[in-house]
Amino acid sequence: LKSLVLLELQTDGSGLKHLHALHRLETLTLYGPSFTDAALAHLPEFDALHTLQLSTTQITDSGFADVARCQALQTLELRRNAHLDGTGLR
């Protein structure tokens, strides 16, 4: 599996830890207000992840420390994430 889209799930995203076997995952899309910073905590486990799309989530700037640990990440797309002010992207 190289691409995974998770839409409007009833989870904070912490369940991503159960997907750690997807070592070849290259693109991950998280869409919906149920996703929080807990979803980002497990991203560094996806060694091949090069594209991350976050839309309409509850993710905050403090959660971006985990995104910075994603070694292969090349593209970050952010859309309508009301709890981001950009300080976590520095």
Side-chain angles (χ1 to χ4, degrees):
L1 186 66
K2 291 187 176 187
S3 182
L4 179 62
V5 177
L6 300 174
L7 304 170
E8 302 288 344
L9 298 179
Q10 298 301 316
T11 177
D12 61 3
S14 60
L16 288 178
K17 66 183 172 192
H18 300 293
L19 302 177
H20 61 82
L22 300 176
H23 294 288
R24 296 184 183 261
L25 188 68
E26 297 176 357
T27 302
L28 177 62
T29 300
L30 303 178
Y31 179 92
S34 60
F35 290 105
T36 66
D37 292 344
L40 302 180
H42 303 285
L43 292 183
E45 298 172 18
F46 300 107
D47 299 330
L49 186 67
H50 65 74
T51 301
L52 176 62
Q53 301 166 324
L54 304 172
S55 298
T56 320
T57 69
Q58 298 293 317
I59 291 170
T60 68
D61 288 283
S62 62
F64 271 89
D66 295 308
V67 174
R69 295 185 4 238
C70 295
Q71 300 286 323
L73 194 65
Q74 297 173 11
T75 303
L76 176 62
E77 296 180 20
L78 303 171
R79 295 187 189 113
R80 296 182 299 274
N81 295 284
H83 300 281
L84 293 174
D85 64 14
T87 58
L89 299 174
R90 296 187 184 133

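We number each residue from 1, following the sequence as shown. These numbers come from a predicted model, not from an experiment.
- No donor-acceptor contact under 3.5 angstrom links the side chains of Q74 and H50, judged on distance only.
- With values rounded to the nearest 0.5 angstrom, L19 atom CG is found 8.0 Å from L25 atom CG.
- Formation of a donor-acceptor pair under 3.5 Å by the D85 side chain with backbone atoms of T87 is found in this model.
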* To do: Take L49 and T51 through the test side chain to side chain contact (heavy atoms under 4.5 Å, CB included) and record every step on the way to the result.
  => CA-CA 6 Å; L49 186 67; T51 301; 6.0 Å; no
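- Taking hydrophobic clusters as Ile, Leu, Val, Met, Phe, Trp and Tyr residues chained together by side-chain heavy-atom distances below 4.5 Å, L1 does not share a cluster with Y31.
- Atom NZ in K17 sits 10.0 Å away from atom CD in E45 (nearest 0.5 Å).
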* **Working for side chain to side chain contact (heavy atoms under 4.5 Å, CB included), residues T57 and T36** => CA-CA 7 Å; T57 69; T36 66; over 6 Å; no
* What do the steps show when you test F46 against L22 for side chain to side chain contact (heavy atoms under 4.5 Å, CB included), and what is the final call? -> CA-CA 7 Å; F46 300 107; L22 300 176; 4.2 Å; yes
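- Under a hydrophobic clustering in which Ile, Leu, Val, Met, Phe, Trp and Tyr are joined whenever their side-chain heavy atoms come within less than 4.5 Å, directly or via other members, L30 and L9 fall into the same cluster.
- Without hydrogens or angle criteria, D37 side chain to I59 main chain gives no donor-acceptor distance under 3.5 Å.
- A pairwise comparison of heavy atoms in A48 and A72 identifies C-CB, 4.2 Å as the closest pair.
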* Give the intermediate values and the outcome of side chain to side chain contact (heavy atoms under 4.5 Å, CB included) for residues F64 and L76. => CA-CA 11 Å; F64 271 89; L76 176 62; 3.7 Å; yes
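- Not a single donor-acceptor pair under 3.5 Å links the side chain of D47 to the backbone N or O of H23.
- Side chain of D66 to main chain of H42: no donor-acceptor pair is present (N/O by atom type, distance under 3.5 Å, no hydrogens or angles).
- At least one side-chain heavy atom of L6 sits less than 4.5 Å from a side-chain heavy atom of L16.
- Around atom CZ of R24, no more than 12 heavy atoms belonging to other residues, nucleotides or ligands sit under 6.0 Å away.
- Looking at T27, L78, L73, T29 one by one, the single match for side chain to side chain contact (heavy atoms under 4.5 Å, CB included) with L52 turns out to be L73.
- From R80, atom CZ reaches atom OG1 of T56 across 4.5 Å, with rounding to the nearest 0.5 Å.
- A donor-acceptor pair under 3.5 Å is absent between the side-chain atoms of D61 and the main chain of L84, judged by distance alone.
- Annotation: the span from L40 atom CG to F35 atom CZ amounts to 10.5 Å, rounded to 0.5 Å.
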